[in-house]
Amino acid sequence: QVRLVESGGGLVQAGNSLRLSCAASRRTFEDYAMGWFRQAPGKEREFLAAINLGATRTIYRDSVKGRFTISRDNAKRTAYLQMNSLKSEDTAIYYCAASLFAPSQDAGQYDYWGQGTQVTVSS
């Protein structure tokens, strides 16, 4: 198995930026597609972005495309989510996930999940 740990969340004002990190515990990080999801209080888990093993393909939720960017550094065994122009509606717990399948918006395709990091955006 692989253990994932998110970091980089916090409290920011609307319009500012954050970069979330997801560190993987094993060298097999290179075998996985990576995804980012979020869950706001009282709402369902929501797909945000995903990236393939070689970082040659990315997919995004339409509502965040142009504001959020997913990337990965396989040498550091870390995936990232750069979030710009943050809005109060972005407040949620953000999770990273790893999949042995191709990048997907379907949470069921992911094999491992991190513990989450809180992002709070004030207006």
>> For L4 and M34: C-alpha separation, side-chain torsions, deciding distance, then whether side chain to side chain contact (heavy atoms under 4.5 Å, CB included) applies.
In response: CA-CA 10 Å; L4 305 175; M34 299 296 298; 4.2 Å; yes

>> As a quick check of understanding, evaluate side chain to side chain contact (heavy atoms under 4.5 Å, CB included) for R67 and M83, giving each step before the final call.
In response: CA-CA 6 Å; R67 291 196 300 127; M83 304 186 295; over 6 Å; no

>> Looking at every non-hydrogen atom in both residues, tell me the closest pair between S85 and S17 and how far apart they are.
In response: N-OG, 4.1 Å

> Hey, are the side chains of L11 and T120 touching, using non-hydrogen atoms and a 4.5 Å cut-off?
Replying inline: yes

>> Given F37, which partner from the list W113, Y94, F68 fulfils the ring pair (Phe, Tyr, Trp, His ring centres under 6.0 Å) test?
In response: W113

> If every non-hydrogen atom of L81 is compared with every non-hydrogen atom of A49, which pair is closest and at what distance?
Replying inline: CD1-CB, 4.3 Å

> Hey, what do you get for CZ (R77) to SG (C22), rounding to the nearest 0.5 Å?
Replying inline: 12.0 Å

>> Are there over 12 heavy-atom neighbours, none belonging to Q82, within less than 6.0 Å of that residue's CD?
In response: yes

> Does some side-chain heavy atom of N52 sit less than 4.5 Å from a side-chain heavy atom of P103?
Replying inline: yes

>> By the definition side-chain contact (heavy atoms from CB on, under 4.5 Å), identify the one residue from V5, T78, D73 that meets it with S21.
In response: T78

> Same hydrophobic cluster for Y80 and L48, using side-chain heavy-atom links shorter than 4.5 Å among ILVMFWY?
Replying inline: no

> Is a donor on one side and an acceptor on the other found under 3.5 Å between the side chain of T117 and the backbone of E6?
Replying inline: no

> Does Y32 reach the side chain of Y112, with side-chain heavy atoms less than 4.5 Å apart?
Replying inline: yes

> Are side-chain heavy atoms of T91 and Q118 found at a separation under 4.5 Å?
Replying inline: yes

> For the hydrophobic clusters of this structure (ILVMFWY residues joined by side-chain heavy atoms under 4.5 Å, transitively), does one cluster hold both L53 and L100?
Replying inline: no

> For the atom pair CZ (R3) and CD (Q115), what is the distance rounded to the nearest 0.5 Å?
Replying inline: 7.0 Å

> What's the shortest heavy-atom distance between A33 and A102, and which atoms?
Replying inline: CB-C, 4.2 Å

>> Tell me whether I51 shares a hydrophobic cluster with V2, the cluster being built from Ile, Leu, Val, Met, Phe, Trp, Tyr side chains joined at under 4.5 Å.
In response: yes

> Can you find a heavy atom in the side chain of F47 that is under 4.5 Å from one in the side chain of D106?
Replying inline: no

> Do Y110 and I59 sit in the same hydrophobic cluster, where Ile, Leu, Val, Met, Phe, Trp and Tyr count as joined when their side-chain heavy atoms come under 4.5 Å apart?
Replying inline: yes

> Mind checking whether Y95 and L20 have side chains closer than 4.5 Å, heavy atoms only?
Replying inline: no

>> For the CD atom of Q105 and the CG atom of D62, what is their distance to the nearest 0.5 Å?
In response: 9.0 Å

>> Would you compute the distance between atom OG of S71 and atom CZ of R19 and round it to the nearest 0.5 angstrom?
In response: 7.0 Å

> To the nearest 0.5 Å, what is the distance between CG (L86) and OG (S123)?
Replying inline: 12.5 Å

